[in-house]
Amino acid sequence: MSLTPLFEFTWQADPSADTVIPPQGRDGAHLSDGAGRARGELTGTMRFSMYTGDCPLDPGYLELAQGEPRASGDHICTVNPGALLETDDGALLQLDFRGFGLRLQSRAPMWSVNGALRAFTQHESYRWLTEQLLVFEGEFDESTGRGDYRVLAQDPPA
């Protein structure tokens, strides 16, 4: 099995953003909401809600004064964000992520984040995405609330 890059995305947490994915069925506590952009085979606008378990950050972490510590030490958290992706050609996809975030004090304020995700859509052009489990990986900067990620798809068997 090999993995092929499918798309990249950037998310920016925004304390004033509306929650787009409700907490029902989510693991962990609500941490933040925001928006971003997908680029690659899927291109479009994303809105997200982040849920985490065993995380030292709380919903007010972005409102701390510059230079105030947001977390300290080494941590591993569960992540269970959800997102809506509206592609540039008008399709709507719901994305369900499950994974982990690792923060090492030696790399602070950066977190390594990875896991799996599922896509749900009724749009015929993207229905193929609903038939596979995807992988995501990236980094999250707790000082700015910005995450940069990529999504990989499993190559079909030969």
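FYI, side chains are in, hydrogens and waters are out, and symmetry mates aren't considered; it's all heavy atoms of this structure. Predicted, not measured: the structure shown is a model, and the values here were computed from it.
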key: Ring geometry between Trp111 and His75 (parallel below 30°, tilted from 30 to 60°, perpendicular above 60°)   = parallel
key: Co-membership, hydrophobic cluster, residues Tyr51 and Val113, 4.5 Å side-chain   = no
message = Would you say Phe7 ends up clustered with Trp128 if hydrophobic residues are merged whenever their side chains have heavy atoms under 4.5 Å apart, either directly or through other cluster members?
response = yes
Before accepting this row, confirm whether a basic side-chain N of the pair [X]/[Y] lies closer than 4.0 Å to the acidic partner's carboxylate O.
{"X": "Arg146", "Y": "Glu139", "result": "no"}
{"X": "Asp14", "Y": "Arg47", "result": "no"}
{"X": "Asp88", "Y": "Arg37", "result": "yes"}

Least distance between heavy atoms, [X] atom then [Y] atom:
{"X": "Tyr149", "Y": "Gly138", "value": "CD2-CA, 3.6 Å"}
{"X": "Gly25", "Y": "Arg98", "value": "O-NH2, 3.8 Å"}
{"X": "Arg150", "Y": "Pro5", "value": "NH1-CG, 4.0 Å"}
{"X": "Ala38", "Y": "Phe9", "value": "CA-CB, 4.0 Å"}
{"X": "Ser32", "Y": "Tyr61", "value": "OG-OH, 4.1 Å"}
{"X": "Arg127", "Y": "Thr130", "value": "O-OG1, 2.6 Å"}

Could you tell me whether the side chain of [Y] reaches within less than 4.5 Å of the side chain of [X], counting heavy atoms only?
{"X": "Val151", "Y": "Leu117", "answer": "yes"}
{"X": "Gln154", "Y": "Leu3", "answer": "yes"}
{"X": "Phe100", "Y": "Val79", "answer": "no"}
{"X": "Gln132", "Y": "Arg118", "answer": "no"}
{"X": "Asp96", "Y": "Arg26", "answer": "yes"}
{"X": "Gln66", "Y": "Ser143", "answer": "no"}
{"X": "Val135", "Y": "Glu137", "answer": "no"}
{"X": "Ile76", "Y": "Asp54", "answer": "no"}

For the [atom1] atom of [X] and the [atom2] atom of [Y], what is their distance to the nearest 0.5 Å?
{"X": "Phe140", "Y": "Asp148", "atom1": "CZ", "atom2": "CG", "result": "11.0 Å"}
{"X": "Glu41", "Y": "Thr4", "atom1": "CD", "atom2": "OG1", "result": "9.0 Å"}
{"X": "Leu95", "Y": "Leu134", "atom1": "CG", "atom2": "CG", "result": "8.5 Å"}
{"X": "Leu129", "Y": "His123", "atom1": "CG", "atom2": "NE2", "result": "12.0 Å"}
{"X": "Glu8", "Y": "Leu42", "atom1": "CD", "atom2": "CG", "result": "12.5 Å"}
{"X": "Leu6", "Y": "Leu152", "atom1": "CG", "atom2": "CG", "result": "8.0 Å"}

query = What do the steps show when you test Thr19 against Ile21 for side chain to side chain contact (heavy atoms under 4.5 Å, CB included), and what is the final call?
reply = CA-CA 6 Å; Thr19 299; Ile21 304 295; 5.6 Å; no
Does [Y] offer a backbone N or O that forms a donor-acceptor pair with the side chain of [X] under 3.5 Å?
{"X": "Thr78", "Y": "Gly53", "value": "yes"}
{"X": "Ser49", "Y": "Asp33", "value": "no"}
{"X": "Asn80", "Y": "Asp27", "value": "yes"}

query = In chain order, what residues pass the side-chain hydrogen bond (donor to acceptor under 3.5 Å, both in side chains) check against Gln105, with sequence neighbours excluded?
reply = Arg103
inquiry  = Before you tell me yes or no, could you show the steps for Trp11 and Phe97 under ring-ring contact (aromatic ring centres under 6.0 Å, His included), namely the whole-Å CA-CA distance, both residues' side-chain angles and the distance that decides it to 0.1 Å?
reply    = CA-CA 14 Å; Trp11 281 350; Phe97 298 77; 5.4 Å; yes
task = Please step through side chain to side chain contact (heavy atoms under 4.5 Å, CB included) for the pair Leu93 and Phe120, ending with a clear verdict.
result = CA-CA 6 Å; Leu93 291 85; Phe120 304 92; over 6 Å; no
request  = Show your working on side chain to side chain contact (heavy atoms under 4.5 Å, CB included) between Thr43 and Asp89 and close with a plain yes or no.
outcome  = CA-CA 8 Å; Thr43 301; Asp89 61 357; over 6 Å; no
request  = Take Leu92 and Leu85, measure what side chain to side chain contact (heavy atoms under 4.5 Å, CB included) needs, and give me the verdict at the end.
outcome  = CA-CA 6 Å; Leu92 184 64; Leu85 168 58; over 6 Å; no
